[in-house]
Amino acid sequence: MEDIVSLCKRRGFIFPGSDVYGGMAGTWDYGPLGVTLKRKIKQAWWDYFVENRDDIYGIDAAIIMNPRTWVASGHAATFSDPLVECKECHQRFRADKIADVSEKVTPDEFRAAHVKCPNCGKENWDDVKQFNMMFTTHVGSVEDDSSKAYLRPETAQGIFTNYKNVVDTIYPDLPFGLAQQGKAFRNEISPRDFVFRSREFEQMEIEYFVDPTTWEENFEKLHKACYDFLENKMGLPSSMIHDLEVAPEDRAHYSKRTIDVEFDYPIGREELMGIAYRTDFDLGNIQRESGKNMEYRDKNTGETFVPHVIEPSFGVERLVMAVLTSAYTEDDVNGEKRIVLKLPENLAPYRFCVSPLLKNKPELVAKAKEVYKKLREKYTNVTWDDSGNIGKRYRKQDEIGTPKCIVIDFDTLEDNTVTVRDRDTTGQVRVDINML
Ligand SMILES: [Zn+2]
């Protein structure tokens, strides 16, 4: 994990948030390489699930929503973690992370666990309280309870609240899905593990609306699609992806089936994404809270019902981390340790790096610029590098995952061929410029 964090900072992928002011707990900033990687991951997801399918449509809802949203969804009442404070050193902890207790632990249960403060070693605790993880804000100029609002803790509710607008405007046939990518916010008591658990993060969620009698087959199809995406678009090895069938007692009360798809991260096997059958829980709640009819009318039979929902939910940062984890490799080249990011070509921030063998030879630089310009006309994400010597450039391009380095040398001036060097094998071939 430390190796990946260090590479991310050294090469401009991910920095601690507000670094110049000493940081801001639970936030991370993406640098030039990181934002390119992240955007490619998000675009690949959007292409796979929205653009290349006939049955899933995109939406983009506001982050600040009517507070009734969170009453209907249950977040206002129950979206909380058990918080406990040490009376000696005043450090606060998530009770279920420092003791073998559940998220719903009572003060008595926590006392009975006799756990010592991880900070000062004493056992003198205040009562466990449920701490709501939604960030609050105020809308407009008056700061009182009537203006209180929340930063959304999930993107899903922006989809559910638009279900009726979509049905009434584009008349999709069931089953159909609505997809959204966007920021979500959770005031985690103890953010940790790099970008894995942060206070501000991005989600990619699909709510797939189905006839209740068909939920099982639709669950299977989406589950399969998620695996296809993870393995074939994200390049994650199937040996590192695992299904965790969530036991009935651990599922949300309304869910009849939930699978957590876990990944072998450096911090251990942890949740990468989830697929949940949410029944008609959300649309039913909205129907009650808003008084609007959420029923779907079948175009053939005329039958009406509230659709049930299957929800594949991805965390962008967790996917970024999984991609980095599976790509990070250390090997040995001519007796020297080499760090290489074996990113899939579709995700690498740069496709090609073009450089002159020597930067103080104007004829080489001019020829290299010509090749660079030519590739630029055809491709995005081509980079130019004439820093240091060629060995150092290869090392840098290996660390940021550039699949191919193209080098212009004196032979190029004679026969119009260049060296193309492969990131993974370090093998080199001569290629005619017109064949690039
Ligand atoms: Zn303490």
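Every number for a ligand or one of its atoms is a count from 1 in the order of the listing.
Ring pair Phe281/His253 is perpendicular by interplanar angle, where above 60° counts as perpendicular and below 30° as parallel. Relative orientation of the Phe229 and Tyr48 rings is tilted, given thresholds of 30° and 60° on the angle between their planes.
Each protein N, O or S atom less than 2.8 Å from the Zn ion (ligand 1) was counted, giving 4.
Partners of Asp100 according to the salt bridge (charged side-chain N to carboxylate O under 4.0 Å, His left out) rule, which considers only residues two or more places apart in sequence or in another chain, do not exist here.
Residue pairs that meet the salt bridge (Lys or Arg N to Asp or Glu O under 4.0 Å) test with at least one member in residues 181-206, sequence neighbours left out, are Lys38-Glu202, Lys42-Glu202, Lys183-Glu200, Glu188-Arg197.
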Table please: side-chain donor-acceptor pairs of residues 114-121 below 3.5 Å, with sequence neighbours left out.
from   : atom 1 : to     : atom 2 : distance (Å)
His114 : ND1    : Glu123 : OE2    : 2.8

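Nearest heavy atoms, Pro349 versus Lys40: O-NZ, 3.8 Å.
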